[in-house]
Amino acid sequence: MATDFTRRALDVIRAVPRGRVATYGQIADLAGNPRAARQVVRLLHSSSQTEGLPWHRVVNGRGTVSLPRGRGYEEQRAMLAAEGVVFDERDRIDLKRFRWNPA
DNA sequence: TTACTGACCTTTT
DNA sequence: AAAAAGGCCAGTA
């Protein structure tokens, strides 16, 4: 059932380097479907259990963590901070500096 | 097969 | 600047 997109998306996620973050749309784009950002979400939910997936390096296009507090927000934020990613006073990441830029 | 859902994105009030 | 609305894709019931 896994479409090519799904597989490629997973590869892309695994390829995100430490200390960098990627947006859902970006991943979808690199996987071949610029509009399938939502699908990426489902992937993370399905595969987050499977270790080896840096789900914490995926954030929304605004550079903020989408997870609700107490449901991973703090956890993701902590992991990113441990990798050197900085959150500003508004709890946003400066994508200009931390967004993963492939190529 | 149709209907619903989701850690979204972009454009428009 | 902030909030609302519409659009999109794939997987699951």
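Owing to the predicted nature of the structure, the values given are computational and were not obtained by experimental measurement.
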Chemist: Any side-chain heavy atom of A/Leu30 sitting closer than 4.5 Å to one from A/Pro102?
Modeler: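 With C-beta onward as the side chain, the pair touches.
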Chemist: Salt-bridged, A/Arg77 to A/Asp91, with N to O below 4.0 Å?
Modeler: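 Counted as a salt bridge, because a side-chain N and a carboxylate O are separated by less than 4.0 Å.
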Chemist: Could you report the tightest heavy-atom contact between A/Trp100 and A/Gln26, atom names first, then the distance?
Modeler: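 A/Trp100 and A/Gln26 have their closest heavy atoms at O-NE2, 2.7 Å.
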Chemist: In plain terms, say whether A/Asp11 and A/Arg8 are close enough for a salt bridge, that is, a side-chain N and a carboxylate O under 4.0 Å apart.
Modeler: no
Chemist: If we only count heavy atoms from C-beta on, is the A/Leu53 to A/Arg14 side-chain gap below 4.5 Å?
Modeler: yes
Chemist: Heavy atoms within less than 4.0 Å of DNA chain C: which residues of residues 69-101 of chain A have one? Give them sorted by number.
Modeler: A/Arg90
Chemist: Please examine the side chains of A/Arg57 and A/Phe98, heavy atoms only from C-beta on, and report whether any two atoms are closer than 4.5 Å.
Modeler: no
Chemist: State the pairing partner of C/dA1; accept Watson-Crick or G-U wobble contacts with both distances under 3.5 Å, and report none otherwise.
Modeler: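 Answer to the pairing question: none, since C/dA1 forms no Watson-Crick or G-U pair.
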Chemist: Between A/Glu83 and A/Arg20, is there a salt bridge with N-O shorter than 4.0 Å?
Modeler: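 A salt bridge is absent here (no side-chain N lies under 4.0 Å from a carboxylate O).
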Chemist: Starting at CD1 of A/Ile27 and ending at C1' of C/dA10, how long is that distance when rounded to a whole Å?
Modeler: 16 Å
Chemist: Got A/Val16 and A/Val58 here, is their nearest side-chain heavy-atom distance under 4.5 Å?
Modeler: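 Not in contact.
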Chemist: Report yes if the side chains of A/Leu10 and A/Phe5 come closer than 4.5 Å at any heavy-atom pair, otherwise no.
Modeler: no
Chemist: Write out a two-atom table: protein N or O, nucleotide N or O from nucleotides 8-11 of chain B, distance below 3.5 Å.
Modeler:
from	atom 1	to	atom 2	distance (Å)
B/dC8	OP1	A/Ser66	OG	3.1
B/dC8	N4	A/Arg38	NH1	3.1
B/dC9	OP1	A/Gly61	N	3.1
B/dC9	OP2	A/Gly61	N	2.8

Chemist: Return the value, rounded to whole Å, for the distance between atom CG of A/Asp29 and atom C1' of C/dC9.
Modeler: 14 Å
Chemist: Does the side chain of A/Leu44 come within less than 4.5 Å of A/Tyr24's, by heavy atoms?
Modeler: yes
Chemist: Looking only at non-hydrogen atoms, find the nearest pair between A/Pro54 and A/Ile13 and report the distance.
Modeler: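 Of all heavy-atom pairs spanning A/Pro54 and A/Ile13, the closest is CG-O, 3.2 Å.
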Chemist: According to a strict under-4.0 Å criterion, is A/Thr6 in side-chain N/O contact with OP1 or OP2 of C/dG11?
Modeler: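 True: A/Thr6 side-chain N/O within range (under 4.0 Å) of C/dG11 OP1/OP2.
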Chemist: Please tabulate, one pair per line, each protein N/O and nucleotide N/O from nucleotides 3-5 of chain B that are separated by under 3.5 Å, including the distance.
Modeler:
from	atom 1	to	atom 2	distance (Å)
B/dT5	O2	A/Arg42	NH2	3.1

Chemist: Rounded to the nearest Å, what distance is computed from the CG atom of residue A/Asn33 to the P atom of nucleotide C/dG7?
Modeler: 19 Å
Chemist: Could you tell me how far apart A/Arg8 (CZ) and C/dA10 (P) are, to the nearest whole angstrom?
Modeler: 11 Å
